[in-house]
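The structure under discussion appears below in the form of structure tokens.
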Amino acid sequence: MTGKAEGKILVLGATGNVGLPLVKALLAKGETVTAASRSGRPVEGAEGVVFDYADPATFGPALDGVDRAYILLPAGHVAAKELLLPVVEAAVARGVKIVFQSVFGAEADDAIPYRQVEIAIEKSGVPYVILRPNWFSDNFHTYWKAGVDHGQVAVPAADGKTSFVDVRDVAASAAAALTTDRFDGRAFNLTGPEGLDYTDATRILAGVLGKPVAYKAIDDEAFVSLVAGAGVAEDYARLLAAIFYPVREGWAAVVTGDVETLTGSAPRSVEAYARDNVAALTA
Ligand SMILES: NC(=O)c1ccc[n+]([C@@H]2O[C@H](COP(=O)([O-])OP(=O)(O)OC[C@H]3O[C@@H](n4cnc5c(N)ncnc54)[C@H](OP(=O)(O)O)[C@@H]3O)[C@@H](O)[C@H]2O)c1
């Protein structure tokens with residue numbers, strides 16, 4: 001079943017890192033997409049709809065005529081469970097299939113807020129797919145862009161490796177999960193093709209950009225002041241610092257075949273990410 005003859009697909013965060021390539025991928029498959037953001041502007045020709053996690057009155061209209069939804073919480077929010085559960089409930093009440101963007105490692109402990117949202121979806125009775133992406137390669141032109149500019153990316157990763165995943169592969173995985181029922185009822189851990197430490201990753205960036213970019217291992221407190229100084233809210237900076245613990249432990253190094261299972265294609269490397277994002281990395 002492809003669902004094409006059915007209703008619309010609601011994409012939350014449709015102008016964001018994953019949402020934008022996801023809208024493009026779904027339109028390319030011939031799907032009808034409703035692109036949600038606070039502005040409600042159309043995206044790539046898809047109709048826009050106003051949706052705000054802070055305003056439950058926007059949930060119903062956004063879900064109107066929708067039979068599948070991509071639910072993700074935009075970056076910057078700490079209260080994951082409190083914000084996500086009401087949206088999940090609104091989708092479940094309408095019998096909407098949910099593809100949920102969770103986080104890598106959420107299954108490690110049922111006390112993790114993202115895992116609690118996963119459990120609520122698993123128990124809801126609607127068809128669902130859970131996607132757990134590892135750290136995005138794209139963080140190098142978002143969170144770590146100032147570091148790339150200055151030639152030194154400083155994070156509390158020690159020498160831990162990460163199997164960075166390209167947001168285009170997260171989006172392609174999401175598009176597959178939304179447009180077939182073959183993957184329903186399952187969770188997928190989305191990774192890139194190899195585990196790299198930040199020395200490896202910055203060396204790759206330096207090679208592609210033709211300028212020095214190095215890695216400096218720092219501790220949590222130095223990291224929080226650095227990113228808070230760059231404009232990230234302090235509570236979110238602390239959350240980011242906390243999720244480097246699994247990186248230092250080596251748990252983020254795991255490589256899975258889940259992107260290929262979902263999309264039929266091998267995931268992109270950090271080098272491919274860098275080559276295709278030179279403009280964003282040097283803007
Ligand atoms: N970065 C990583 O390495 C990584 C790795 C794994 C998982 N994740 C998870 O991925 C998620 C973030 O995904 P992303 O980077 O694709 O998102 P993102 O780019 O941060 O999301 C931005 C989008 O959300 C919309 N938005 C912002 N505030 C909103 C609000 N209050 N209500 C509704 N929409 C809002 C924005 O449009 P408007 O501004 O117009 O509203 C925009 O469309 C997080 O849950 C994070 O935990 C991230």
Side-chain angles (χ1 to χ4, degrees), residues 10-25 33-44 46 48-59 61-63 69-84 86-88 90 99-107 112-115 117-118 130-145 153 155 157 162-174 187-192 198 201 227 232-233 236-237 239-244 246-247 251-252 254 258-259 270 273 280:
L10 175 68
V11 175
L12 301 189
T15 58
N17 296 312
V18 173
L20 184 57
L22 174 56
V23 170
K24 284 186 196 168
V33 178
T34 300
S37 63
R38 286 170 300 179
S39 70
R41 68 174 173 84
V43 177
E44 299 286 326
V49 68
V50 172
F51 176 90
D52 191 341
Y53 274 94
D55 182 4
T58 63
F59 301 174
L63 285 160
Y70 192 64
I71 296 185
L72 71 77
L73 187 64
H77 297 280
V78 173
K81 190 175 144 191
E82 292 72 12
L83 289 168
L84 284 161
V87 178
V88 165
V99 179
F100 173 52
Q101 182 172 306
S102 183
V103 292
F104 201 69
E107 73 278 26
I112 293 172
Y114 271 94
R115 178 64 193 140
V117 177
E118 292 182 3
I130 291 164
L131 303 179
R132 303 186 188 116
N134 206 345
W135 289 86
F136 300 162
S137 301
D138 304 67
N139 293 335
F140 286 103
H141 70 262
T142 56
Y143 291 127
W144 323 136
K145 170 69 164 54
V153 173
V155 293
T162 302
S163 54
F164 298 99
V165 66
D166 192 304
V167 294
R168 293 170 295 180
D169 291 322
V170 179
S173 300
F188 296 88
N189 299 326
L190 306 180
T191 76
Y198 278 79
V227 293
V232 175
Y236 200 67
L239 175 76
L240 289 174
I243 57 178
F244 271 104
V247 177
W251 303 334
V254 175
D258 287 3
V259 166
V270 167
Y273 150 75

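Atoms considered below: every heavy atom in the structure, side chains included; atoms not considered: hydrogens, waters and symmetry mates. One-based numbering, in listed order, for ligands and for the atoms of each.
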Report yes or no: does Ser39 have a heavy atom closer than 4.0 Å to ligand 1?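 Ser39 counts as a contact of ligand 1 under the 4.0 Å cut-off.
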Does some non-hydrogen atom of Val167 fall short of 4.0 Å from ligand 1?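 Outside the 4.0 Å threshold, so no.
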Test your reading of the structure: does [X] have an N or O sitting under 3.5 Å from an N or O of ligand 1?
X	value
Phe104	no
Trp135	no
Ser102	no
Leu72	no
Tyr143	no
Leu73	yes
Pro133	no
Thr15	yes

Ring geometry between Tyr198 and Phe164 (parallel below 30°, tilted from 30 to 60°, perpendicular above 60°):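 Aromatic pair Phe164/Tyr198 classed perpendicular.
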Shortest protein heavy-atom distance from [atom], along with the residue and atom involved:
atom	result
atom 33 (C) of ligand 1	Phe51 O, 3.2 Å
atom 16 (O) of ligand 1	Val18 N, 2.9 Å
atom 10 (O) of ligand 1	Gln101 NE2, 2.7 Å
atom 46 (C) of ligand 1	Tyr114 OH, 4.1 Å
atom 48 (C) of ligand 1	Phe136 CZ, 3.4 Å
atom 29 (C) of ligand 1	Arg38 NE, 3.4 Å
atom 19 (O) of ligand 1	Asn17 N, 2.9 Å
atom 31 (N) of ligand 1	Asp52 OD1, 3.1 Å

Which atoms of ligand 1 are found less than 4.0 Å from any heavy atom of [X]?
X	result
Asn139	1 (N), 2 (C), 3 (O)
Val103	7 (C), 47 (O)
Asn134	5 (C), 6 (C)

Are Phe244 and Trp135 an aromatic pair, judged by ring center distance below 6.0 Å?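 Aromatic pair counts; centres sit under 6.0 Å.
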Using a heavy-atom cut-off of under 4.0 Å, does the side chain or the backbone of Ala54 touch ligand 1, or both, or neither?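 It is neither part, as no heavy atom is under 4.0 Å.
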Where's the contact between Thr142 and ligand 1, heavy-atom distance under 4.0 Å: side chain, backbone, both or neither?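 The answer is neither.
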Whether the side chain of Ser37 engages the backbone of Ala14 through a donor-acceptor N/O pair (distance < 3.5 Å, no angle test) should be reported.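 Side chain of Ser37 to backbone of Ala14: no pair is present.
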Is it the case that the side chain of Asp258 and the backbone of Asn189 share a donor-acceptor pair, with hydrogens and angles ignored and the cut-off at 3.5 Å?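 Yes, because the side chain of Asp258 sits within donor-acceptor range (under 3.5 Å) of the backbone of Asn189.
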Rounded at 0.5 Å granularity, tell me how far [atom1] in [X] sits from [atom2] in [Y].
X	Y	atom1	atom2	result
Asn17	Asn139	CG	CG	7.5 Å
Ile71	Ser102	CD1	OG	12.0 Å
Leu10	Phe51	CG	CZ	7.0 Å

Show me, pair by pair, the donor-acceptor contacts under 3.5 angstrom made by side chains of residues 73-82, not counting sequence neighbours?
residue, atom, partner, partner atom, Å
Lys81, NZ, Gln116, OE1, 2.6

So do [Y] and [X] actually touch side chain to side chain, heavy atoms under 4.5 Å?
X	Y	result
Arg168	Asp138	no
Val99	Leu131	yes
Val227	Tyr236	no

May I ask which of Ala35, Gly40, Ala80, Ala75 has a heavy atom nearer to atom 20 (O) of ligand 1 than the others do?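 Heavy atom nearest to atom 20 (O) of ligand 1 belongs to Ala75.
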Of Thr162, Val167, Asp166, which is the lone residue that meets side-chain contact (heavy atoms from CB on, under 4.5 Å) with Phe136?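 Only one of Thr162, Val167, Asp166 forms a side-chain contact (heavy atoms from CB on, under 4.5 Å) with Phe136, namely Val167.
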I'd like to know if the side chain of Asp52 pairs up with that of Thr58 as donor and acceptor (distance under 3.5 Å, no hydrogens or angles considered).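 The answer is no; no qualifying pair exists.
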Nearest non-hydrogen partners of Val232 and Ala237, listed with the distance: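 Between these two residues, the closest heavy atoms are CG1-N, 3.9 Å.
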